[in-house]
Amino acid sequence: MNKQQIQSNKWYKQLLEIAVEDFIHVNPFSRDGQLLNSQSFSVWHYTGDPGATAKREQQYFDNLRNQNPNDNIEDRYAGAHIFIYQKDIRIIIPLWERAYHAGNSWYNLNAIGIELCIEKDGSFHPDTVASAVKVGALLQLLFGYKTDRNIRHYDIEQVNAHGVRWRKLCPKPWVEQPALFTKFKKDVESQIQALVNPPVSKPVNTVNSQTVVKLEIDGKPTEITGFLKDGKAYLPVRKLAEALGKSDAVGWCEKSRMVLLSGCVLNSSVVIDGSGYAWVREIANVLNMEVEWSEGTKTVKLKKGTVSCNVAN
């Protein structure tokens with residue numbers, strides 16, 4: 001898949017709800033900018049650097065550009081697309097470009113390389129594994145390959161200059177305890193099923209026995225519905241954003257466990273059956289829209305206005 005196909009794909013957009021693009025500079029050593037031939041596998045690695053965070057690893061690989069190919073010091077050519085440290089997920093090389101993550105093998109031009117950061121004791125933090133499951137599922141859905149295309153660096157047999165075959169002990173926790181990698185792949189499959197077949201939501205008008213709320217946008221009725229809670233009208237944020245052509249504006253703040261809209265935290269947001277809802281006046285404030293309420297028909301009426309975003313983060 002090329003850059004445009006990836007960036008427009010809904011699964012990549014969902015990936016960016018939990019990950020940040022923190023690209024390193026283009027350089028000969030860690031990001032040469034060559035396009036991938038395919039994205040056919042996910043190759044899983046570990047950093048081997050106890051206690052290092054994803055941001056620290058990003059800085060390290062970015063600094064490889066400062067090597068001098070003309071001095072007498074051996075240069076390092078290395079990198080990976082994604083680094084995961086607990087809940088911090090960083091994409092440091094675009095998923096349409098090559099990364100030097102699998103020696104001199106075919107996989108550099110045909111696979112996505114993911115590095116898991118390790119704790120000071122050499123283990124994977126449970127949050128790191130949980131984040132890896134989410135990333136693994138979204139990559140499979142994005143690129144269309146099966147769970148068995150998740151492999152360890154160790155699974156790639158390499159041949160050195162002397163013709164000797166060898167395998168790298170990477171990621172060490174999953175090589176020494178292969179059952180953990182087997183469980184990881186099963187968890188990825190379960191995550192995929194949850195993403196593809198989300199639980200059926202209850203009718204909105206049954207939430208807390210509240211009244212159903214209708215929505216009009218610029219005078220036109222929509223099929224989007226919400227509910228009243230404590231006298232306030234709540235609407236589904238993603239559906240509303242999609243109706244306005246602003247689906248890219250919706251995100252998730254893992255720290256506060258609240259919905260993001262155009263970079264603003266919706267402090268009124270609640271999650272019901274996997275969907276985020278927020279108070280309509282807070283949504284309108286962020287989207288610079290005017291809002292009116294029709295008591296007789298229980299209808300929210302949104303239209304373009306001149307309100308500015310002053311939502312507290």
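Between the side chain of Ser268 and the backbone N or O of Ala278 there is no donor-acceptor pair closer than 3.5 Å. Glu57 contributes no side-chain N or O that, together with a main-chain N or O of Cys117, makes up a donor-acceptor pair within less than 3.5 Å. Judged purely by atom type and a 3.5 angstrom limit, Glu97 has no side-chain atom pairing as donor or acceptor with the backbone of Arg31. Remark: side-chain polar atoms of Arg98 are not paired, donor with acceptor, to backbone N or O of Asn108 under 3.5 angstrom. Looking at Ser269, its side chain never comes within 3.5 Å of a backbone N or O of Val265 through a donor-acceptor pair. Checked by atom type and distance alone, the side chain of Asn63 pairs as donor or acceptor with a backbone atom of Gln59 at under 3.5 Å. Remark: side-chain polar atoms of Gln67 are paired, donor with acceptor, to backbone N or O of Leu64 under 3.5 angstrom. Looking at Ser8, its side chain does come within 3.5 Å of a backbone N or O of Gln4 through a donor-acceptor pair. Checked by atom type and distance alone, the side chain of Arg167 pairs as donor or acceptor with a backbone atom of Asp155 at under 3.5 Å. When atom types are taken as modelled, the side chain of Asn27 and the backbone of His25 share a donor-acceptor pair closer than 3.5 angstrom.
A salt bridge links Glu292 and Lys303; the closest N-O separation between the charged side-chain nitrogens and carboxylate oxygens is under 4.0 Å.
Going from atom CZ of Arg152 over to atom CG of Asn150 covers 11.5 Å, rounded to the nearest 0.5 Å. Rounding to the nearest 0.5 Å gives a distance of 8.0 Å between OG1 of Thr222 and CG of Leu240. Between atom CG of residue Asp49 and atom CD1 of residue Ile118 there is a gap of 7.0 Å, rounded to the nearest 0.5 Å. In this structure, CD1 in Ile112 is found 4.5 Å from CG in Leu95, a value given to the nearest 0.5 Å. Atom CG of Leu195 sits about 6.0 Å away from atom CD of Gln14, to the nearest 0.5 Å. Note that CD1 of Ile18 and CD1 of Ile89 are 4.0 Å apart. Values are rounded to the nearest 0.5 Å.
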After noting the C-alpha distance and the side-chain angles of Phe184 and Trp44, does the key distance pass the ring pair (Phe, Tyr, Trp, His ring centres under 6.0 Å) rule? CA-CA 11 Å; Phe184 164 74; Trp44 296 88; 4.9 Å; yes
Where do Asp88 and Lys55 land on the salt bridge (Lys or Arg N to Asp or Glu O under 4.0 Å) test, with the steps shown first? CA-CA 8 Å; Asp88 183 18; Lys55 182 59 181 177; over 6 Å; no
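Residue Asp75 qualifies as enclosed at atom CG: its count of foreign heavy atoms under 6.0 Å is above 12. Within a 6.0 Å radius of NZ in Lys168, no more than 12 heavy atoms belonging to other residues, nucleotides or ligands are found. More than 12 heavy atoms of other shown residues, nucleotides or ligands fall within 6.0 angstrom of atom NZ in Lys298.
Sorted by first and then second residue, the pairs that involve residues 124-163 and meet ring-ring contact (aromatic ring centres under 6.0 Å, His included), not counting sequence neighbours, are His45-His153, Phe124-Trp174.
Between the side chains of Tyr77 and Asp32, no donor-acceptor pair is found at a separation under 3.5 Å. Ser105 and Gln158 form no side-chain donor-acceptor contact under 3.5 Å, judged by distance and modelled atom types alone.
Between Val43 and Tyr107 the shortest heavy-atom distance is CG2-CD2, 4.1 Å. When all heavy atoms of Trp293 and Leu228 are compared, the pair lying nearest together is CH2-CD2, 4.0 Å. Contact between Ser131 and Ile84 at its shortest, heavy atoms only, is CB-CG2, 3.6 Å.
Tyr60 and Tyr85 are assigned to two separate hydrophobic clusters, defined by single-linkage of ILVMFWY side chains at heavy-atom distances under 4.5 Å.
Ring geometry, His101 versus His81: the interplanar angle exceeds 60°, so the pair is classed perpendicular (tilted spans 30 to 60°).
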